[in-house]
Each structure stands twice: as structure tokens, then as C-alpha cells.
Amino acid sequence: MKRLLTVLTLALPFALNAQAPARVYDAQRTGDRIRIDGRLKEKAWKNAVPSAPFVDIRGEDFPAPVMKTTVKMIWDDKYLYVGASIEEENITASIRKHDDIIYHDNDFEVFIDPYGDGKLYYEIENNAFGTIMDLMMEKPYSDGGQFIMNWDCKGLKIAVSKEGTLNRKDDRDRAWYVEMAIPFDALERGFDDPRDHKVWRMNFSRVEWLKTGGPEENWVWAPTGKVDIHVPDKWGYVRFCDGDAPQEISAEIQSE
């Protein structure tokens with residue numbers, strides 16, 4: 001098996017898109033013990049900086065989401081931790097079976113390409129029950145890619161908490177929160193450890209059904225310019241930092 005080594009240099013605050021700044025998030029290393037309870041109360045979470053609020057998937061020229069969504073990230077030797085804050089006036093969920101189509105509910109979605117090549121990237125979705133749909137993509141649908149649903153994110157930990165009541169229309173809710181611990185080991189390709197890469201391509205999405213029967217809203221961290229999240233070269237950059245965030249990082253990205 002041959003390896004092609006390329007070097008990606010990322011300078012703040014711009015990346016490869018000449019028309020608009022790329023989304024960049026500096027995930028800080030933590031030595032704290034993180035309890036996955038959906039509450040995001042540990043000191044490491046309080047010190048983590050929230051992402052820019054989500055925007056319409058088509059871009060910031062389109063109407064802004066009517067409810068705010070942000071994410072935070074931290075990491076340690078074993079896990080990438082993702083915490084999401086999701087404003088919601090009426091928290092609902094219906095799907096309870098693993099790997100059912102979660103985006104038929106209001107949901108939160110994580111997309112991960114540790115290798116930066118748009119191949120064999122990962123997708124993890126959940127609803128307010130905490131029900132998971134996880135899969136692997138061999139490449140984007142637009143390139144003829146197929147989903148691999150029998151991939152499971154082994155060792156994934158997830159919890160959801162709520163400011164409000166689930167599936168009650170007669171009150172007004174405030175928000176729900178997602179906390180994930182994503183094991184680095186679950187993202188290995190076999191020959192390459194994702195921890196070797198200091199910059200990952202990632203995106204986060206929220207599908208929101210404001211009207212029964214749709215159409216659904218697609219709110220994301222890094223807009224792709226169209227109603228299609230599967231555009232990895234438009235995703236943001238997550239930089240794994242230990243201490244102060246550097247001004248520039250070179251990441252070695254290996255592919256077959």
C-alpha cells in the first residue's frame with residue numbers, strides 16, 4: 001500500500017476559499033475527567049470557546065436561522081469531545097431505533113474527515129432522545145459515493161439534556177444539549193492513526209422541521225453553498241491545540 005504525503009498549511013483566519021473565510025475552530029486539550037451527561041458543566045467546557053453560530057447551509061446571504069446553535073470541542077488522549085447548544089422552543093423526538101433515519105426528526109449531526117481527502121469520512125447524527133445514526137461515506141454522493149451503514153462508532157458515548165419538556169406542545173422550551181465523546185480509535189483506517197493529524201476537516205449540521213411536512217431547515221457551522229452537506233472541501237478546519245493556539249499549523253495528511 002502506497003502512501004501519498006501532502007502538506008496542508010493553514011494560516012489564520014483564511015484557508016483555501018478565496019471568497020470567504022473558512023471556519024476554523026481551535027480544540028484545546030484537556031486533562032479534566034469529562035463526565036458524559038449532556039450538561040457541559042466541567043471547567044474544560046466552560047473554558048472552551050463556542051463556535052460561530054450556525055448559518056443557512058447555502059451561506060450567510062440567506063436568512064439567518066431563527067434559533068441559535070453553537071458547538072464546542074475539547075480533546076484528550078482517547079476522545080474528541082463535542083458539545084452542542086441547541087435553542088429550541090418545542091423539543092420533540094420520535095425515533096428510538098439505532099440507525100433509523102434520524103433527520104426525519106429535528107437532529108444534530110457531526111461530520112468528520114480526519115484525513116482531509118473527502119474519502120471514508122464519518123457521520124454521526126442524534127435526536128433529543130439521544131438515538132444515534134452513524135455511518136461512513138466512501139466519498140460524497142455527488143462523486144458516486146455510497147453510505148456504509150454497518151459502520152458503527154465503537155465506544156461512542158453520548159448524552160442529551162434539556163431545558164424544557166420533551167414532546168409537549170403546551171409549554172415553551174428553551175434548549176437541548178448534546179455531549180459526545182468520540183473515540184479516536186473508532187476513526188482509524190487501519191494503517192493510519194487519526195491522532196497523527198493536527199488539522200481535521202469537520203462540519204456540524206442541524207435539521208429543523210419548523211413546519212409539519214417540511215420543507216426542513218438546514219443550519220450548519222460551515223456553509224457549503226447549496227443544500228448538500230456532503231461537500232467536504234467546504235467544511236471547516238478543526239485544529240488540535242495543546243496550550244495556546246498557534247498562528248499556523250502544518251498537518252501531514254496521508255492517503256492511499
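Predicted model only: the values in this text are computed from it and were never measured.
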Any side-chain heavy-atom pair of R58 and P223 under 4.5 Å: no
Just checking, is any N or O donor in the side chain of H104 or N127 under 3.5 Å from an acceptor N or O on the other one? no
Out of F147, Y115, F111, W151, which residue meets the ring-ring contact (aromatic ring centres under 6.0 Å, His included) rule with Y122? W151
Y121 and side-chain hydrogen bond (donor to acceptor under 3.5 Å, both in side chains): which partner among H230, K139, R201? H230
Do the side chains of E87 and T70 get nearer than 4.5 Å, heavy atoms only? no
Decide whether W235 and M180 are clustered together by the hydrophobic rule: side chain heavy atoms of Ile, Leu, Val, Met, Phe, Trp, Tyr closer than 4.5 Å, transitively. no
Would you please indicate yes or no on a ring centroid separation below 6.0 angstrom for F184 and W200? yes
Closer than 4.0 angstrom, basic N to acidic O: yes or no for R23 and E60? yes
K72 (side chain) donor-acceptor with W45 (main chain) under 3.5 angstrom: yes
With the threshold set at 4.0 Å, does a side-chain nitrogen-carboxylate oxygen contact exist between E163 and R172? no
Could you walk me through whether R195 and E188 pass side chain to side chain contact (heavy atoms under 4.5 Å, CB included), step by step? CA-CA 9 Å; R195 282 164 286 205; E188 289 184 1; 3.6 Å; yes
If we ignore hydrogens and angles and just use 3.5 Å, is the side chain of E179 paired with the main-chain N or O of D37 as donor and acceptor? yes
So that I can tick it off, tell me whether R189 and D117 are bridged by a salt bridge, with the cut-off set at under 4.0 angstrom between side-chain N and carboxylate O. yes
I'd like to check E88 versus D173 (side-chain heavy atoms, cut-off strictly below 4.5 Å). Are they in contact? no
side-chain contact (heavy atoms from CB on, under 4.5 Å) partner of F108, chosen from V71, V160, V207: V71
Could you check whether any side-chain N or O of D105 sits under 3.5 Å from a backbone N or O of D107, counting only pairs where one atom can act as donor and the other as acceptor? no
Could you check whether K119 pairs with D113 (Lys NZ or Arg NE/NH1/NH2 to Asp/Glu carboxylate O, under 4.0 Å)? no
Any donor and acceptor pair, going by atom type alone, linking the side chain of D152 with main-chain N or O of K154 inside 3.5 Å? no
Using only atom types and a distance under 3.5 Å, with no angle test, would you say the side chain of T131 pairs donor to acceptor with the backbone of I95? yes
Output yes when a side-chain donor or acceptor of Y25 lies under 3.5 Å from a complementary backbone atom of A52, and no otherwise. no
Would you confirm whether N203, through its side chain, and A222, through its main-chain N or O, come within 3.5 Å as a donor-acceptor pair? yes
Are L80 and I124 co-members of a hydrophobic cluster defined by side-chain heavy atoms under 4.5 Å apart? yes
A quick test of your reading: do over 12 heavy atoms of other residues, nucleotides or ligands sit less than 6.0 Å from NZ of K157? no
Is it true that a side-chain atom of E138 and a backbone atom of I148 form a donor plus acceptor pair closer than 3.5 Å? no
Give a yes or no on this: more than 12 heavy atoms of other residues, nucleotides or ligands lie within 6.0 Å of atom CZ of R174. no
Taking side chain as C-beta onward, heavy atoms only, is D134 less than 4.5 Å from H98? yes
Do I36 and Y81 have side chains that approach each other closer than 4.5 Å (heavy atoms only, starting at C-beta)? yes
Could you check V66, I86, I57, V55 and say which one makes a side-chain contact (heavy atoms from CB on, under 4.5 Å) with W219? V66
Could you tell me whether D170 and R168 make a salt bridge, using a distance below 4.0 angstrom between a side-chain N and a carboxylate O? yes
Do the side chain of N106 and the main chain of W209 share a donor and acceptor less than 3.5 angstrom apart? yes
